[in-house]
Amino acid sequence: MDFFNSDMMHTGFKIAGWAIVFGGLVYIPFRRSPTAAQAWILLFFFLPWVALPLYLIFGNARHPKWRRERITRLPAILERTIAEISHRSPTGVDVLKTRHRITARLVERIGHLPPVHGNEIDLDGDYNRVVDRIAADIDRAEHHAHLCFYILQDDEAGNRVLRALERASARGVKCRLLVDAVGSSIDRHRIRRRMKKAGVEMHLILPWRFLNGATRLDLRNHRKIVVVDGKIGWVGSQNMHRIEYEPKTFYRELMARVTGPVVLELQAIFVGDWFLETEEDIGSADILPHETTREAAVGSGTLLQVMPTGPDFPDTGVDVLFTDLIHTARRKIALATPYFVPNEELLNALSTAVAKGVDVDLFLTGTTNSLLIDLAQSSYYEDLLEAGVKVYLYRERFLHAKHLSIDEDIGIIGSSNMDRRSFELNSEVTLVAYDKGVVDKLRTIERDYRSKSRRLSLDDWRQRGLTRQIAENATRLISPLL
């Protein structure tokens, strides 16, 4: 007992603390981006005993060994599906402008899926109507319905989709459902029992495991994908929960309903996600319907391309595409996102665009649903305003939509936020449209955002209190970890 009350214990505690600090200095820089490494080292230096368990749980952005082994087999699974897409649908690189060809090649290099002709796209930002339309599409399914959502809840919105799946399964349609185990943690077990009873195959994405084959809480599948009969697809920002997700917080979203060959690219992503959770390869020809001939599709419809990103595609992240597109802009950039905690490359690209004379609008939600993210996000406002970026804070609802428009002919709709979580940790899906009509629709949506937003001014923003500024600056130091 004398030992535990002596100075030796205090000395041993201090030595162990410094060992943690030096261990972090050696280990962390080789496994993180420079900015993330700096944030972690700072946390290790000031709070080593807090930093160590946090790093062990959240610090290493790698899947467990069993998952990495499946990821090594994923290209072979996707190769058959992608080959079938290429066989049935012509790629559209040759008809693009030179600078867009470069973008299309970058998107294909990242996500392995080509741009394809012969598509139709409909953008819909009406929350409840989207839920009803998805349920109606499932009600028309004849062969299969595949759904993947980060959040699916057993509430009035989620129930409309779940009931449609039950009806489809009852008439012999093959229904498969993937939901993220953390994002859908509230209702996942109740929904799984219900779907099992209805004959719907449902799996949780990366359920949390503590010991053997332990998984990470923060490596999540953030995608929102619906594929019906390989002919109709949905992709975008909207989860399947009621519009008032938090009390008095009503969500505004944007989803894209697509038909044509691009649906097969969404199908390929679902096939890959299903394999990673089940080791079952469902990529057979019967879920890839042949709609048009190659000759009929060339040059017709809207040219679209899908890009999956995340830890399952470890070469690079969606931020590379965003940054590259911003650099290519010549006249207009409009970006909408609920969470804006950019890396240095993206921040510099926006500032450079303004310096080149590009008009840049940034639409953000007025207040996020996380105090830390709200502080970290607002710490960038002064830099953006000084550079000449027009920052609009949306007031009517929680702006959860995620999209980007460049000049008159490239529009992006997807699940990715503008933060490290989407850039490095989450599995995301992005739809790229090389089409003036799509950009025109986005411009209409952006005008509506603008009419319902408060535009920040640099002078007004500088008047915020000192306490707020200190909190922002402190949070910004750890923003690479958020």
Side-chain angles (χ1 to χ4, degrees), residues 123-135 147-165 177-192 194-195 202 204-206 208 217-218 220-226 234-257 336-341 363-377 393-403 413-419 421-422 425-429 445 448-449 452-453 482:
L123 302 185
D124 198 335
D126 187 306
Y127 194 101
N128 289 317
R129 184 173 64 203
V130 165
V131 176
D132 289 337
R133 293 181 70 187
I134 289 174
L147 283 74
C148 175
F149 282 101
Y150 177 63
I151 301 176
L152 173 63
Q153 289 199 337
D154 188 10
D155 57 20
E156 57 263 37
N159 255 310
R160 298 207 291 274
V161 173
L162 293 172
R163 285 195 294 266
L165 286 172
L177 174 61
L178 290 172
V179 297
D180 187 83
V182 173
S184 300
S185 59
I186 295 176
D187 294 330
R188 66 186 188 275
H189 295 308
R190 181 163 58 250
I191 292 173
R192 185 159 59 175
R194 177 177 169 182
M195 291 296 97
M202 174 180 165
L204 298 177
I205 300 172
L206 283 170
W208 197 18
L217 266 177
D218 58 339
R220 310 315 315 164
N221 190 316
H222 194 241
R223 295 171 182 148
K224 295 89 177 169
I225 294 175
V226 177
W234 286 88
V235 63
S237 65
Q238 185 169 330
N239 291 295
M240 286 297 108
H241 55 66
R242 64 179 184 169
I243 190 171
E244 188 184 5
Y245 184 48
E246 292 102 1
K248 299 182 180 179
T249 303
F250 294 83
Y251 275 54
R252 178 159 184 178
E253 307 281 0
L254 184 64
M255 293 288 280
R257 183 183 188 271
T337 180
Y339 306 115
F340 184 80
V341 186
F363 297 98
L364 305 170
T365 195
T367 304
T368 72
N369 51 5
S370 167
L371 177 60
L372 282 179
I373 293 176
D374 191 43
L375 290 169
Q377 176 169 292
L393 301 184
Y394 191 73
R395 295 179 296 185
E396 188 182 63
R397 292 183 183 178
F398 181 86
L399 183 62
H400 193 250
K402 313 154 201 299
H403 50 89
I413 304 98
S415 65
S416 178
N417 299 306
M418 295 290 169
D419 61 7
R421 184 163 300 281
S422 284
L425 304 177
N426 287 341
S427 294
E428 306 283 3
V429 58
I445 293 169
D448 187 61
Y449 290 165
K452 298 171 181 174
S453 298
L482 298 177

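Since the model is a prediction, treat every value here as computed from it, not as a measurement.
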Check the pair I205 / C148 against side chain to side chain contact (heavy atoms under 4.5 Å, CB included), numbers first and verdict last. CA-CA 9 Å; I205 300 172; C148 175; 4.0 Å; yes
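With K224 contributing its side chain and H222 its backbone, the two residues share a donor-acceptor pair below 3.5 Å. Side chain of S184 to main chain of L152: a donor-acceptor pair is present (N/O by atom type, distance under 3.5 Å, no hydrogens or angles). The backbone N or O of R242 lies less than 3.5 Å from a partner atom in the side chain of D155, making a donor-acceptor pair. Checked by atom type and distance alone, the side chain of Q153 never pairs as donor or acceptor with a backbone atom of G158 at under 3.5 Å. Checking side-chain atoms of T249 against main-chain N and O of R397 turns up no donor-acceptor pair under 3.5 Å. R223 places no side-chain N or O within donor-acceptor distance of the main-chain N or O of V235, the cut-off being under 3.5 Å. Looking at Q238, its side chain does come within 3.5 Å of a backbone N or O of Y127 through a donor-acceptor pair. No donor-acceptor pair closer than 3.5 Å links the side chain of S415 to the backbone N or O of E428. Of the possible donor and acceptor atoms, none in the side chain of S237 sits under 3.5 Å from a partner among the backbone N and O of E253.
The side-chain heavy atoms of N426 and N417, taken from C-beta on, include no pair separated by under 4.5 Å. Using a 4.5 Å cut-off on side-chain heavy atoms (C-beta onward), N159 and R194 make contact. The shortest side-chain heavy-atom distance between R160 and N128 falls under the 4.5 Å cut-off. For the pair V179 and I191, the minimum side-chain heavy-atom distance is 4.5 Å or more. I445 has its side chain within reach of R252: a pair of non-hydrogen atoms, C-beta onward, lies under 4.5 Å apart. Between L364 and T337, the closest side-chain pair of non-hydrogen atoms falls below 4.5 Å. With contacts defined as side-chain heavy-atom distances shorter than 4.5 Å, the pair H403/L123 does not qualify.
Across every non-hydrogen atom of D187 and D154, the tightest pair is OD2-N, 2.7 Å. When all heavy atoms of D180 and N221 are compared, the closest pair comes out as OD1-N, 3.0 Å. Between F149 and I225, the closest heavy-atom pair is CE1-O, 4.3 Å.
Aromatic pair Y245/H400: centroids not less than 6.0 angstrom apart.
By the side-chain hydrogen bond (donor to acceptor under 3.5 Å, both in side chains) test, R257 pairs with D137, sequence neighbours left out.
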